[in-house]
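Chain letters run A, B, ... following the sequence lines, proteins first, then strands; residues in each count from 1. Every heavy atom of this structure was used, including side-chain atoms; hydrogens, water molecules and symmetry mates were not.
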There are 2 protein chains.
Amino acid sequence: MANPKIINGVNVDELFNTINSVKSSPVIATFKFKANNKWIKGGHNRTSIKNFYGVQKDNPHKKPFELDADEPPLLLGEDIGPNPVEYALTALAACVTTSIVYHAAAKGIKLNSVESRLEGDIDLQGFLGLSKEVPRGYKEIRMFFKIDADAPDEKLEEIVQLGPTYSPVFDTITRAVPVSVKLEK
Amino acid sequence: MANPKIINGVNVDELFNTINSVKSSPVIATFKFKANNKWIKGGHNRTSIKNFYGVQKDNPHKKPFELDADEPPLLLGEDIGPNPVEYALTALAACVTTSIVYHAAAKGIKLNSVESRLEGDIDLQGFLGLSKEVPRGYKEIRMFFKIDADAPDEKLEEIVQLGPTYSPVFDTITRAVPVSVKLEK
């Protein structure tokens, strides 16, 4: 198309093309995301993200992404990277934000800025195996958004709720997702 | 201590000191992890991780961590960083790995290598709002581990299962965690 319609940096023509393609052939919407991890030392390990499956083919990223995780000294690491539960907040923040941005674009709402801060509560008694009643993971996560949009104030609440309504990571964390862990020879 | 006991890069003396401190004063185990996110353009946004609360005080990281998320071109982004659901796999991989490493250290089991690969299934009909039956997030995640340890083969299964048993991110994903999303002025 000569002049694609771009809102919030999202090519809305392409977005609706994608929606229409999925409607006529739902199988193309089947995606498989992948990661490889290698332990380095103590709390330090590295995840590589290289490719994913979608639209019935393997799709390599432009370049592989390498993500170091570690623990801070207080948790016996060397603070080489964010720790795993901080990566979980990152996934959630990024996903809810992108869901707001894409779905606002689809509705023709122009956003000027989107900022958020997140807090999540963990009681380490769970991880340390000191209590069976204390969950090992987050007890609760709170997200606070500031949004500036070309929309009346009373519309902003509706815009922010596009995030939890459509976000895959929000859904992954708030619903119980089955995860299998297997040993390979 | 002059000669701390280090197993798998984990200071096991310190680990047991931590466990004993938490036993005598559980309040120090109350942690709050934090993240800030700023939307940049389209599917591109950036999360900053600066500090966390734990052991009854604020703890800054040695340096702030900045993590770019984006979508690949197939999902209308520019592939500047991993996408949010890939960050979720990163969090899970890192956390299950660290849980194996720390808990093996606590049991005195020396690990030589830990590698894993992860796959997660997502049907984009959920995110696109095309079906109410299709979940927006992961339908299922599979983790495959290869572990080399100074332990008999029949012990390896037990070692790998330390991961899902203790991992906070495994717990966060497999249990339904409440997440609130609020608009701030």
Side-chain angles (χ1 to χ4, degrees), chain A residues 9-10 29 31 33 35-39 41-43 45 47 49 62 65 67 69 79 82 84-91 93-95 97-98 114-118 120 122-125 136-138 140-144 146 160 164 168-169 171-174 176-181 183-184, chain B residues 9-10 29 31 33 35-39 41-43 45 47 49 62 65 67 69 79 82 84-91 93-95 97-98 114-118 120 122-125 136-138 140-144 146 160 164 168-169 171-174 176-181 183-184:
Chain A
V10 177
F31 277 62
F33 292 96
N36 284 270
N37 182 284
K38 198 170 162 46
W39 171 54
K41 186 190 141 196
N45 60 67
T47 299
I49 310 276
K62 282 184 187 170
F65 300 112
L67 300 161
D79 219 10
V85 295
E86 290 171 329
Y87 271 113
L89 293 185
T90 300
C95 198
T97 298
T98 296
V114 181
E115 287 184 33
S116 58
R117 61 183 180 87
L118 288 79
I122 292 187
D123 184 333
L124 272 199
Q125 291 180 91
R136 302 174 300 278
Y138 280 113
E140 183 187 298
I141 299 172
R142 296 170 294 281
M143 307 184 74
F144 303 95
K146 285 190 182 178
V160 79
V169 176
D171 179 60
T172 297
I173 289 178
T174 57
V177 171
V179 179
S180 64
V181 180
L183 184 67
E184 281 186 330
Chain B
V10 177
F31 276 62
F33 293 97
N36 283 272
N37 183 283
K38 199 170 160 48
W39 171 53
K41 186 191 141 195
N45 60 66
T47 299
I49 310 276
K62 282 183 187 172
F65 300 112
L67 300 160
D79 219 10
V85 296
E86 290 171 329
Y87 271 113
L89 293 185
T90 300
C95 198
T97 298
T98 296
V114 181
E115 287 184 35
S116 59
R117 61 184 179 87
L118 288 78
I122 292 187
D123 185 333
L124 271 200
Q125 292 180 93
R136 303 174 300 280
Y138 281 113
E140 183 188 299
I141 298 172
R142 297 171 294 281
M143 307 184 76
F144 302 95
K146 286 190 181 178
V160 80
V169 176
D171 179 60
T172 298
I173 289 178
T174 57
V177 171
V179 179
S180 64
V181 181
L183 184 67
E184 280 187 330

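- Here the CG-CG distance, from Leu89(B) to Asn37(A), works out to 11.0 Å after rounding to the nearest 0.5 Å.
- For Ile122(B), the parts lying under 4.5 angstrom from a heavy atom of chain A are both the backbone and the side chain.
- Below 30°, between 30° and 60°, or above 60°: for Tyr87(B) and Tyr87(A) the angle between ring planes is below 30°, a parallel geometry.
- Interface residue Ala69(A): only side-chain heavy atoms are found under 4.5 Å from chain B.
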Practice item. Verify side chain to side chain contact (heavy atoms under 4.5 Å, CB included) between Met143(A) and Val179(B), making sure each step is shown before the conclusion. Key: CA-CA 7 Å; Met143(A) 307 184 74; Val179(B) 179; 4.0 Å; yes
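- Between chain A and the options Ala35(B), Ala88(B), Pro164(B), the largest number of non-hydrogen pairs under 4.5 Å is found for Ala35(B).
- With chain B as partner, the option from Glu115(A), Glu184(A), Arg117(A) having the largest number of non-hydrogen pairs under 4.5 angstrom is Glu184(A).
- For a residue to count as touching a neighbouring chain, one of its non-hydrogen atoms must lie under 4.5 Å from one of that chain's; by this rule Phe65(B) touches chain A with the side chain only.
- When heavy atoms are compared at a cutoff of 4.5 Å, Ile173(A) approaches chain B by way of both its backbone and its side chain.
- Here OG1 of Thr47(A) is found 11.0 Å from CD of Glu86(B). Values are rounded to the nearest 0.5 Å.
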Review point. Run the side-chain hydrogen bond (donor to acceptor under 3.5 Å, both in side chains) check on Asn36(A) and Ser116(B) step by step: do they pass?
Key: CA-CA 6 Å; Asn36(A) 284 270; Ser116(B) 59; over 6 Å; no
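- With chain A as the partner, the residue from Pro82(B), Ala91(B), Gly43(B) showing the most heavy-atom pairs under 4.5 Å is Pro82(B).
- Of all the listed residues (Val10(A), Val85(A), Thr174(A), Ile49(A)), the one sharing the greatest number of non-hydrogen pairs under 4.5 Å with chain B is Thr174(A).
- Between Asn45(B) and the options Thr90(A), Thr97(A), Thr98(A), a side-chain hydrogen bond (donor to acceptor under 3.5 Å, both in side chains) holds for only Thr98(A).
- Of the listed residues Cys95(A), Gly9(A), Ala93(A), Gly120(A), the one with more heavy-atom pairs under 4.5 angstrom with chain B than any other is Gly120(A).
- With chain A as partner, the option from Lys62(B), Gln125(B), Lys41(B) having the largest number of non-hydrogen pairs under 4.5 angstrom is Lys62(B).
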